[in-house]
Amino acid sequence: MKNLTIRQFRYFEAVAAQRHFGRAAQVCAISQPALSAQIKEMETALGKPLFERGPRHVRLTAFGAEFATHVRRVLEQVDALESFAREAQGDLTGEFRLGVIPTIAPYLLPRLIGPLTAAYPGLDLQVRETLTSRLVRELQDGRLDAAIVALPVSVPSLVEVPVFSETFVFVRPQGAANQPVPSGRELADKRVLLLEEGHCFRDQALAFCNRPASVPRTGLDGSSLATLVQMVGAGIGVTVIPRMAVAVETRSAAVDWTPFAGPQPKRTVGMIWRKSSPLTRHQAAFARLVRQAGEEVLAAGPAD
């Protein structure tokens with residue numbers, strides 16, 4: 001075995017995690033044929049197959065599973081060395097891998113990117129948008145430097161820094177605009193459209209509606225807030241969205257949105273990173289920029 005590279009190790013790890021060459025290629029930002037060629041080159045150098053290839057997915061071979069353990073150890077050390085080098089430079093430069101959940105990314109990132117690149121001109125920001133559970137796992141594995149999520153995540157190995165809070169609002173068809181705004185308990189009897197399982201915002205909305213996640217229900221489980229709002233505009237039901245999403249998601253839908261009466265449901269948005277990270281000083285400053293961007297997004301939104 002010779003001439004294997006760190007980049008190939010990252011390609012291998014992406015395929016192992018995604019169980020699919022196409023999705024892994026998207027994560028790695030290269031073409032699928034190029035990724036497949038790199039994996040094939042690794043297998044040739046190792047003299048054994050790493051994956052069992054099927055028509056819709058791939059699986060690690062027994063050798064591949066054992067190889068993955070060693071690759072993870074190597075990449076953890078590489079990531080630690082890169083972080084150490086960046087910290088020694090005295091400024092945040094080079095690649096910074098930031099994860100963001102889907103109910104925050106489209107609304108916060110446009111306001112955050114400009115100030116962030118101005119504050120850190122040498123920064124190569126890499127953004128990963130996915131669910132909280134995946135972001136936490138990738139942080140723990142060293143594949144991300146930090147993530148913006150809804151708190152708490154309650155993982156002992158991670159630092160949690162709250163940056164801002166926002167309320168949730170009630171979205172209904174325009175024709176229902178004159179009806180009373182229901183309480184959370186009253187929402188339990190309505191057809192509430194929710195994000196699909198795995199989204200933390202789904203769990204938060206269910207908690208406000210006093211509805212257990214295990215109770216069967218009819219309606220729509222959407223993959224995005226945009227889908228939910230458009231379906232409300234079509235008259236399918238009602239939904240709950242975070243305040244920062246209002247300006248973007250309601251501008252092209254036939255819906256009415258309004259704050260809830262009584263206690264306002266809300267969430268705390270924060271940044272998380274590994275306690276062991278040598279970039280903690282920079283990440284704390286990064287969190288202050290996130291706080292500023294979040295407050296600006298909420299202040300610039302439509303008035304209640």
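Because only heavy atoms are used, hydrogens play no part in the values below, and waters and symmetry mates are left out as well, while side chains stay in.
More than 12 heavy atoms of other residues, nucleotides or ligands lie within 6.0 Å of CZ in Arg291, so this atom counts as buried by the packing criterion. In the displayed structure, Glu196 atom CD is contacted under 6.0 Å by more than 12 heavy atoms of other residues, nucleotides or ligands. Taking a 6.0 Å sphere around CZ of Arg7, one finds it holds 12 or fewer heavy atoms contributed by other residues, nucleotides or ligands.
Distance check: Ile241 CD1 to Thr250 OG1 gives 6.5 Å after rounding to the nearest 0.5 Å. Between Ser224 atom OG and Leu195 atom CG the span is 7.5 Å, to the nearest 0.5 Å. Taking OG1 of Thr132 as the start and CZ of Arg137 as the end, the distance is 11.5 Å to the nearest 0.5 Å. One finds the OG atom of Ser165 at 10.0 Å from the CD atom of Glu295 (value rounded to the nearest 0.5 Å). The structure places CG of Leu4 at 5.5 Å from CE of Met42, a figure rounded to the nearest 0.5 Å. For the atom pair Gln26 CD and Arg23 CZ, the distance stands at 8.5 Å (nearest 0.5 Å).
Taking 4.5 Å as the limit, some side-chain heavy atom of Phe12 sits within range of a side-chain heavy atom of Val71. Between Val269 and Leu151 the shortest side-chain heavy-atom distance does not fall below 4.5 Å. Side-chain contact between Val136 and Leu139 is absent, with no heavy atoms from C-beta onward closer than 4.5 Å. Side-chain contact between Leu98 and Arg128: absent, with no pair of heavy atoms (C-beta onward) separated by less than 4.5 Å. The side-chain heavy atoms of Ile101 and Ile148, taken from C-beta on, include no pair separated by under 4.5 Å. Cys28 has its side chain out of reach of Arg10: every pair of non-hydrogen atoms, C-beta onward, lies at least 4.5 Å apart. For the pair Val232 and Gln174, the minimum side-chain heavy-atom distance is 4.5 Å or more. Contact of the Phe164 side chain with the Met244 side chain is registered, since non-hydrogen atoms from C-beta on lie closer than 4.5 Å.
Note on Leu109: it clusters hydrophobically with Leu289, by side-chain heavy-atom contacts below 4.5 Å among ILVMFWY residues. No continuous path of ILVMFWY side-chain contacts below 4.5 Å connects Val27 to Leu75, so the two sit in separate hydrophobic clusters. In the hydrophobic cluster analysis, where Ile, Leu, Val, Met, Phe, Trp and Tyr join through side-chain heavy atoms closer than 4.5 angstrom, Val181 is grouped together with Leu193.
Smallest separation of non-hydrogen atoms from Phe170 and Pro182: CE2-CD, 3.4 Å. Nearest heavy atoms, Gln230 versus Ala253: NE2-CB, 3.6 Å. When every heavy atom of Gly237 is checked against every heavy atom of Pro173, the shortest pair comes out as O-CD, 3.7 Å. Minimum heavy-atom separation, Met271 to Ala146: CE-CB, 3.6 Å. Scanning all heavy atoms of the two residues, the minimum distance from Val229 to Val255 falls at O-CG1, 3.6 Å. The two residues Ser157 and Gln140 have their closest heavy-atom pair at OG-NE2, 3.6 Å.
Test Trp257, Phe208, Phe201 against Phe168 for ring pair (Phe, Tyr, Trp, His ring centres under 6.0 Å) and you get one pass: Phe201. Between Val290 and the choices Leu112, Leu116, Val100, the side-chain contact (heavy atoms from CB on, under 4.5 Å) rule is met once, by Leu112. For the side chain to side chain donor-acceptor pair (under 3.5 Å) with Glu166, the lone residue among Lys266, Arg267, Arg243 that qualifies is Arg267.
Taking a cutoff of 4.0 Å between a charged side-chain nitrogen and a carboxylate oxygen, Glu43 and Lys48 do not qualify as a salt bridge.
With hydrogens and angles ignored, the 3.5 Å screen pairs no side-chain donor or acceptor of Glu249 with any backbone N or O of Leu225. Thr167 places no side-chain N or O within donor-acceptor distance of the main-chain N or O of Pro265, the cut-off being under 3.5 Å. The backbone N or O of Ala177 sits less than 3.5 Å from a side-chain atom of Arg172, completing a donor-acceptor pair. At least one donor-acceptor pair closer than 3.5 Å links the side chain of Asp145 to the backbone N or O of Arg97. Here the side chain of His20 pairs a donor or acceptor atom with the backbone of Gly22 at under 3.5 angstrom. Put simply, the side chain of Arg274 gets close to the backbone of Leu144: a donor and an acceptor are under 3.5 Å apart. Counting only distance, with no hydrogens or angles, the side chain of Gln8 and the backbone of Thr5 share a donor-acceptor pair below 3.5 Å. Using modelled atom types, one side-chain atom of Lys275 and one backbone atom of Pro156 make a donor-acceptor pair closer than 3.5 Å. Between the Glu52 side chain and the Arg59 main chain, no donor and acceptor come within less than 3.5 Å of each other.
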Checklist entry - Between Phe51 and Phe63, does a side-chain contact (heavy atoms from CB on, under 4.5 Å) hold up when you go through it step by step? => result CA-CA 9 Å; Phe51 297 100; Phe63 172 75; over 6 Å; no
Item to check | Val161/Ile272 under side-chain contact (heavy atoms from CB on, under 4.5 Å): CA gap, chis, key distance, verdict | outcome: CA-CA 6 Å; Val161 176; Ile272 57 176; over 6 Å; no
Item to check | Test log, rule side-chain contact (heavy atoms from CB on, under 4.5 Å), inputs Thr61 and Phe67 | outcome: CA-CA 9 Å; Thr61 62; Phe67 184 72; over 6 Å; no
Checklist entry - Can you list the steps and then say if Thr258 with Val171 is a side-chain contact (heavy atoms from CB on, under 4.5 Å)? => result CA-CA 7 Å; Thr258 184; Val171 181; over 6 Å; no
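Between Phe96 and Tyr120, the distance from one ring center to the other does not fall under 6.0 angstrom.
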